[in-house]
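In the text below, chain A, chain B and the rest are named by the order of the sequence lines, each starting its count at 1.
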Protein chains: 2
Amino acid sequence: MKLSKKSEYGLRALLELALVHGKTTLQRRDIADRQHIPVEFLEQILLTLKRAGLVSSRRGVNGGYDLIKQPNEITLGQVIRILDGPLAPISCVSKTAYQKCNDCPYTNKPRCPVQQVMGKVRDAIAGVLDHYSLADFAAGHPKG
Amino acid sequence: MKLSKKSEYGLRALLELALVHGKTTLQRRDIADRQHIPVEFLEQILLTLKRAGLVSSRRGVNGGYDLIKQPNEITLGQVIRILDGPLAPISCVSKTAYQKCNDCPYTNKPRCPVQQVMGKVRDAIAGVLDHYSLADFAAGHPKG
DNA sequence: ATAATCTAGAGTTAGTTTATCAACAATAGT
DNA sequence: ACTATTGTTGATAAACTAACTCTAGATTAT
């Protein structure tokens with residue numbers, strides 16, 4: 001049940017961008033320094049977030065990164081799904097990336113116990129992360 | 001945020017043992033067949049669970065495994081912690097295996113945003129798994 | 001004895017994580 | 001146009017982990 005460094009770094013990077021959003025942009029070096037992230041690894045992460053439509057970038061002197069949306073329009077759940085994949089502990093209970101479990105002895109039967117519990121776990125995790133925006137994150141608490 | 005096969009198999013194995021607890025014991029082959037688990041891998045898992053004091057075993061002809069405690073005295077949280085380690089997404093919010101995050105720019109400061117959110121996620125996960133016993137698991141729903 | 005079974009740990013294979021590097025492309029200021 | 005600065009991209013790789021697999025040995029019932 002672990003969060004990868006990739007996602008953690010991604011969240012920290014977006015946090016910095018959220019803090020300066022509307023005022024200025026940040027270069028990868030700025031972000032890396034402020035959050036103690038290896039620059040080259042951060043690059044990859046920012047690129048992934050760019051392809052996913054969360055940040056924009058400008059090259060050259062005075063270039064840098066910026067959020068595309070408002071901080072309250074991006075949830076932590078979205079970010080982690082982009083960087084780490086589905087929130088669900090097992091794919092047969094994922095709502096965004098469902099996959100049938102093939103070897104499970106309960107396939108096609110009404111109720112698999114593992115599926116039941118893990119469904120609840122998934123909901124619990126998503127209940128936190130999908131209701132926590134970058135704005136909440138920067139403020140240090142949800143909804144406000 | 002993934003559950004390992006090890007933990008999943010462990011849960012499935014304990015489920016089978018819970019179902020027959022008090023009536024009979026099961027051999028690794030029985031469990032492996034019923035739950036489609038590679039028998040050698042299952043062996044390791046059962047051994048770990050034995051060392052952790054959850055199951056007992058008897059060797060030789062007519063040997064097998066049995067739960068030591070009652071199914072309602074074992075929670076899924078315990079099992080997963082034994083097989084996969086702490087439930088917390090990052091170790092600085094674990095209650096059973098806390099470790100200070102060393103590279104975090106917020107160390108020793110009052111509030112790290114990542115820590116705040118992940119603490120809530122940890123509580124959400126533990127809230128499900130630590131209140132779900134093997135008996136609930138076998139019944140297909142909690143507190144039953 | 002012997003056959004079934006558990007015990008223990010080393011070895012294997014494949015994939016993931018966490019980077020690092022180098023070459024390239026775009027931009028701003030001169 | 002030139003040059004320094006910055007982002008873009010893909011290749012590579014060390015370290016680690018997951019998920020088995022194998023081998024050899026110890027224990028027990030019959």
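- One finds a salt bridge joining A:Lys95 and A:Asp123 here, because a Lys/Arg side-chain nitrogen approaches an Asp/Glu carboxylate oxygen to under 4.0 Å.
- Between B:Arg81 and B:Asp130 there is a salt bridge, with a side-chain nitrogen of the basic residue lying less than 4.0 Å from a carboxylate oxygen of the acidic one.
- Applying the ring-ring contact (aromatic ring centres under 6.0 Å, His included) test to B:Phe137 and every residue at least two apart in sequence or in another chain returns nothing.
- Of all the residues in residues 7-22 of chain A, A:Tyr9 reach under 4.0 Å from DNA chain C with at least one non-hydrogen atom.
- Qualifying ring-ring contact (aromatic ring centres under 6.0 Å, His included) partners for B:Phe41, counting only residues two or more places apart in sequence or in other chains: B:Tyr9.
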Problem set entry | Chi angles and distances behind the side chain to side chain contact (heavy atoms under 4.5 Å, CB included) call for B:Leu15, B:Gln35 | CA-CA 10 Å; B:Leu15 172 63; B:Gln35 291 285 344; 4.0 Å; yes

Exercise. Taking it one step at a time, do B:Asp33 and B:Gln27 satisfy side chain to side chain contact (heavy atoms under 4.5 Å, CB included)?
Worked result: CA-CA 10 Å; B:Asp33 286 350; B:Gln27 297 180 351; over 6 Å; no

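- Test A:Ile74, A:Ile68, A:Leu54 against A:Leu49 for side chain to side chain contact (heavy atoms under 4.5 Å, CB included) and you get one pass: A:Leu54.
- Among the heavy atoms of the strands lying under 4.0 Å from A:Gln27 are primed sugar atoms or P, OP1, OP2 only; no base atom is included.
- At a threshold of 4.0 Å, the pair A:Glu8-A:Arg12 counts as salt-bridged, since one of the basic side-chain nitrogens sits closer than that to a carboxylate oxygen.
- The outermost nucleotides of DNA chain D lying under 4.0 Å from heavy atoms of chain B, listed 5' to 3', are D:dA19 to D:dT30.
- A side-chain donor-acceptor contact under 3.5 Å links A:His131 to the backbone of A:Gly127.
- Put simply, chain B comes within 4.0 Å of DNA chain C, heavy atom to any atom, from C:dA4 to C:dA10, going 5' to 3'.
- Near DNA chain C, meaning a heavy atom under 4.0 Å from it, residues 44-62 of chain B has B:Gln44, B:Leu47, B:Lys50, B:Arg51, B:Ser57, B:Arg58, B:Arg59, B:Gly60, B:Val61 in order of number.
- Around atom CD of A:Gln99, no more than 12 heavy atoms belonging to other residues, nucleotides or ligands sit under 6.0 Å away.
- A:Ser7 places no side-chain N or O within donor-acceptor distance of the main-chain N or O of A:Leu3, the cut-off being under 3.5 Å.
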Exercise. Between B:Ser4 and B:Asp84, does a side chain to side chain donor-acceptor pair (under 3.5 Å) hold up when you go through it step by step?
Worked result: CA-CA 7 Å; B:Ser4 72; B:Asp84 263 6; 2.5 Å; yes

